Number of protein chains: 2
Amino acid sequence: MQDGERRRSVTMRDVARQAGVGLATVSRVINGKPGVAPELVRRVTETARALGYRHDVTASSLRRADRRTATIALVLEDVANPFSSALHRAVEDAAREEGILVLAGSSDELPERERELIDAFTLRRVDGLIVLPTGSTDEQLAAVRGHGTPIVCVDRLVEIDRVDTVTVDNRDGTWSAVRRLRALGHRRIAFLGDLDSIWTARQRFAGFADAHAEAGRPVEERLVRRGLRSEEAAHAATTRLLTGGEPPTAVFAAQNLLTMGARRALQGLGVQEEVALIGFDDFPVADLLTPGVSVVAQDPATVGRTAARLLLSRVRGGDDHRPARHVVVPTRYVARGSGEIPPRT
Amino acid sequence: MQDGERRRSVTMRDVARQAGVGLATVSRVINGKPGVAPELVRRVTETARALGYRHDVTASSLRRADRRTATIALVLEDVANPFSSALHRAVEDAAREEGILVLAGSSDELPERERELIDAFTLRRVDGLIVLPTGSTDEQLAAVRGHGTPIVCVDRLVEIDRVDTVTVDNRDGTWSAVRRLRALGHRRIAFLGDLDSIWTARQRFAGFADAHAEAGRPVEERLVRRGLRSEEAAHAATTRLLTGGEPPTAVFAAQNLLTMGARRALQGLGVQEEVALIGFDDFPVADLLTPGVSVVAQDPATVGRTAARLLLSRVRGGDDHRPARHVVVPTRYVARGSGEIPPRT
DNA sequence: CTGAAAGCGCTTACAG
DNA sequence: CTGAAAGCGCTTACAG
C-alpha cells in the first residue's frame, strides 16, 4: 500500500469480477448512464469505492465515439506575462464549467516554439486550441483545423477557414489616445513599438499614423522606434530621444513593458511631470505612480472568456461548420495624469 | 479534406498496409527504435508522411510499459497571480527540456476546488503533480502519492511521505525586515496578513513576532490585522489603523496584494513619505513609486525550477524511493526607500 | 436491463 | 531484423 511503484491499478474488470457483474454494467454505472437496476448501481458503486477504483479518462476517450479528451490547449506568448495569464485564467474558468482541463505553453514569440507546442498538443489529441499566433504558422494552423481540431486565435487577427479570432481595437484605441495628445497641443509625439512582425504592433502604429493623417501632419520618422523587444530597449530608446535635439513632448508606448521602460527613462531624467506618456495595455499599480500612468486598457478576461466560448461551442460540435467569426473587444482609455500633461512651452 | 468532421484519422495500421510492412515495424520506426532495416525505415517514414500520419500519444501511453503520459499538472492558487505565473513559467521550461507538457489550474485557495483539480488531473493519469496546497488536502495528497504519482508541494510546507517541498524562508525574511524597522527606531509596527489557514501567513507572522521577542517586546495585538484576503481589505485596514489613536509608524504587509492595498491607503492619506512600509513578495514597478516600495523578494523562478527538477527526477523513476526532501529558497531584502523611513518624531 | 465480444490506436513479448 | 498475436483500460453495438 505504501509502495506505489509497480502496482497494477484496479480496473473496471476488477470491479466487475468483484461485484459479480459484467464489464459493460460497470462502465454504465461509472458513466452514470441510465437503465441499470438500482441494486446493481449500488453494488458497483460500493465495490468501486471499496477497491479504490480510479477511472482512466484517457483510456475511455480512446474508445469513446466522440474521441473527446476533455482537454483544450492554450498557446501563449508567455504564461507569466500579465496579459497572457489573465487571459489564461478566463479560459480556465470557462473550461471548468464544462469539466474541461487546460494545457498551456509559451511560444516566446518564436514561430518554431509555437509550432512545437501546437504539434505536441495535437499529438495528445486535445479537443481544441486557443492560440496567440506569432503570425508565421498559418499553414500549420490551417492544416490542424483541416484535420478537424477547432482553433480560436486571440490577440491577433488571422484569416483561416473556420478559425475564429478575438482581438482588440488596437488601431482605434491608439488613434483616439494620440488624438488626445494632439488636442493638448503636442506636436512632437514619439512612438515606441514592438516587433513589426506582430499584428498588434502594426495595428497600433497604424492608429498612431491615423491620428497624424487626420491632422494633415506626416509622422515624424525620427520619433518612431519600432522593433523594441524589452523594457530595457524602451528605456534606452526613450532616453536617447529625450536627450537629443528637438525632443518629443509626449511619448506613446505601444505595449506594457515598453511603457514601463519609457516611464523608467522619464523618471531617470526627472521629467515624468513634464513629458506626457500614454501606454497601450494596463499594468499593476500604474495608478500609484506619480503622476499616474494613463493607458489604453485592454480587457484580457473578456478576450479569454469570449475565445473559450467560441472554441467550446465548436468542440461541442453542432456549429463547427459555421464560417470564422471575428470578434473585436473594445479598449478603454484610462486617464491617470501622465497622458494629461500639456507640452512644455 | 476541408471537412474535418467525422473523418477517421490515419492510423499505424494504415501506414503498415500501405508500406507493406507489419504494424510492429511501423511502431518501431515511429518511435525511433533501433534495429530496423534502413530500407524499411525509409519506406515507413515516407508512407507516414505521404498519408499524413499523426501519432496518437495517448493511445501509445496506454499500452506502453511505463504508462507515462508525458504530462504533469500544476495546481496553483491562481494562474493569473504574478507569483504563480512566474512559477508556472519556470516549471514549463524545465518540463519542456524533457518533452513534457503541463496542465494548470487555479484553486482560489478553496480546498474543494483543489481537490477537484487533483482529482481531474490524476484521472487523466498525469505523470506527476506540483501543487501549491491550501493546507486541507493532506490525506488526498497522501493517497495520490500512495497510489504511485509523484508530488512536489510548493510555497507551503507539508509533511507527507515521499512528497518533496520547495518553500521560501518566510520566517527569517520577515524577521530580518522587521528588525530593520526596529533598528530605525520604529516601535509601533503594524502587521497585515493573509488567512491564518495559510502556512506562509503563519510563518510570516511568526517572523514578525520573533523580531519583537528578540527585543523583549510583546507584539501589540491592536496593530495586527490577519485574515486579510484582498487589496481592498488591506486598504481599509491600513486606513483605519492610521486614522486611529497611536497610529503605527511602520507597516509590514505580508503579501503582495496587501502591500499594494497598504500603499494605496498611505497615498490616500498622503503619508507615504512618513510612514514606513515593507512588503513581503515583490511586484512590478514597485521601484517606480515615490518612494519606492521596499520588499522581501521571493524568487518564484527558482522555486518553480527546483520543484520541477525534484518532480521530474522522481517521474523518471530510479530515485522515487528516497524520502521527502525539503528545499528552502532564500529571500532577499530589496531596499527602495519606503522601508528606510524613520519614525516621525 | 444485462453481458460477451469486438475494437479504439497503439506497444510489447514471442516466435521465427 | 520482422510480423502475427495479445492486450493496455475502456466503450459500444449486439444479442438476449
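When reading the values below, keep in mind they use all heavy atoms of this one structure, side chains included, and skip hydrogens, waters and symmetry mates. No experiment lies behind these values; they were computed from the predicted model shown. Just so it is clear: chains get the letters A, B, ... in the order the sequence lines come, proteins before strands, and each one is counted from 1.
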Practice task
Write down the distance between CZ (B/R124) and P (D/dC10), rounded to a whole number of angstrom.
Solution key: 14 Å
Practice task
Examine the side chains of B/S106 and A/E92 and answer whether a donor and an acceptor come within less than 3.5 Å of each other.
Solution key: yes
Practice task
Look at B/R13 and C/dC8 and indicate whether a side-chain polar atom (N or O) is within less than 4.0 Å of OP1 or OP2.
Solution key: no
Exercise for the section: Flag the pair B/R325 and B/D164 as a salt bridge only when some basic side-chain nitrogen lies within less than 4.0 angstrom of an acidic carboxylate oxygen. Expected result: no
Exercise for the section: Check for a donor-acceptor pair, side chain of A/R156 on one end and backbone N or O of A/P133 on the other, with a separation under 3.5 Å. Expected result: yes
Handout entry: Earlier contact from the 5' end, DNA chain D, for B/G20 and A/M12
Key = B/G20
Practice task
Give the rounded distance in Å between these two atoms: CG of A/D66 and C1' of D/dT12.
Solution key: 12 Å
Practice task
Ignoring backbone atoms, establish whether A/K33 has a side-chain N or O less than 4.0 Å from OP1 or OP2 of D/dT12.
Solution key: yes
Exercise for the section: Mind checking A/I30 for me? I need base, sugar-phosphate or nothing, with any heavy atom below 4.0 Å counting as a touch. Expected result: nothing
Problem - Under-4.0 Å side-chain N/O to phosphate OP1/OP2 contact, A/S60 with D/dG9 - result: no
Practice task
Indicate yes or no: does A/D93 engage A/R89 in a salt bridge with an N to O separation below 4.0 Å.
Solution key: yes
Problem - Sidechain N-carboxylate O distance under 4.0 Å for A/R42, A/E39 - result: yes
Problem - Sidechain N-carboxylate O distance under 4.0 Å for B/R316, B/D127 - result: no
Exercise for the section: Return the value, rounded to whole Å, for the distance between atom CZ of B/R17 and atom P of D/dG3. Expected result: 14 Å
Handout entry: Ionic contact status for A/R145 with A/D161, cut-off 4.0 Å
Key = no
Handout entry: Whether A/R305 side chain and A/A90 backbone form a donor-acceptor pair below 3.5 Å
Key = no
Exercise for the section: Find the distance B/L62:CG to D/dT11:C1' and express it as a whole number of Å. Expected result: 13 Å
Handout entry: Candidates D/dT2, C/dT2, C/dC10 - which lies nearest the side chain of B/A37
Key = D/dT2
Exercise for the section: Check every strand shown and say whether B/R125 touches a base, only sugar-phosphate, or nothing at a heavy-atom separation below 4.0 Å. Expected result: nothing
Exercise for the section: Would you mind telling me which of C/dC10, D/dC10, C/dG9 lies closest to the side-chain atoms of A/R67? Expected result: C/dG9
Problem - Whole-Å distance separating the CG atom of B/D56 from the P atom of C/dG7 - result: 19 Å
Practice task
For D/dG3, take OP1 and OP2 only and decide whether either is under 4.0 Å from a side-chain N or O of B/T25.
Solution key: yes
Exercise for the section: Say whether, by atom type as modelled, one donor and one acceptor occur between the side chain of A/R124 and the main chain of B/A70 under 3.5 angstrom. Expected result: yes
Fill in the blank from the handout: Rounded to whole Å, the CD-C1' distance (B/E39 to D/dC1) equals 13 Å
Fill in the blank from the handout: Note, DNA chain D 5' to 3' with Watson-Crick or G-U pairs under 3.5 Å encoded as ( ), [ ], | and . gives |||.||||||||.|||
Exercise for the section: Take the protein atom CZ of B/R68 and the nucleotide atom C1' of D/dC8, then report the distance between them rounded to whole Å. Expected result: 17 Å
Problem - Euclidean distance, atom CZ of residue A/R64 to atom C1' of D/dG9 [Å, nearest integer] - result: 12 Å
Problem - Per B/R63 side chain, nearest of listed nucleotides D/dC10, C/dT12, D/dT11 - result: C/dT12
Can you name the atoms? Protein N/O to nucleotides 13-16 of chain C N/O, anything below 3.5 Å, with the distance.
none

Problem - Salt-bridge criterion met for B/D319 and B/R314 (N-O under 4.0 Å) - result: no
Handout entry: Closest listed nucleotide, where the reference is the side chain of A/T11 and the choices are D/dT11, C/dT12, D/dC10
Key = D/dC10
Problem - Touch class at under 4.0 angstrom, heavy-atom based, for B/V57 against every strand present - result: nothing
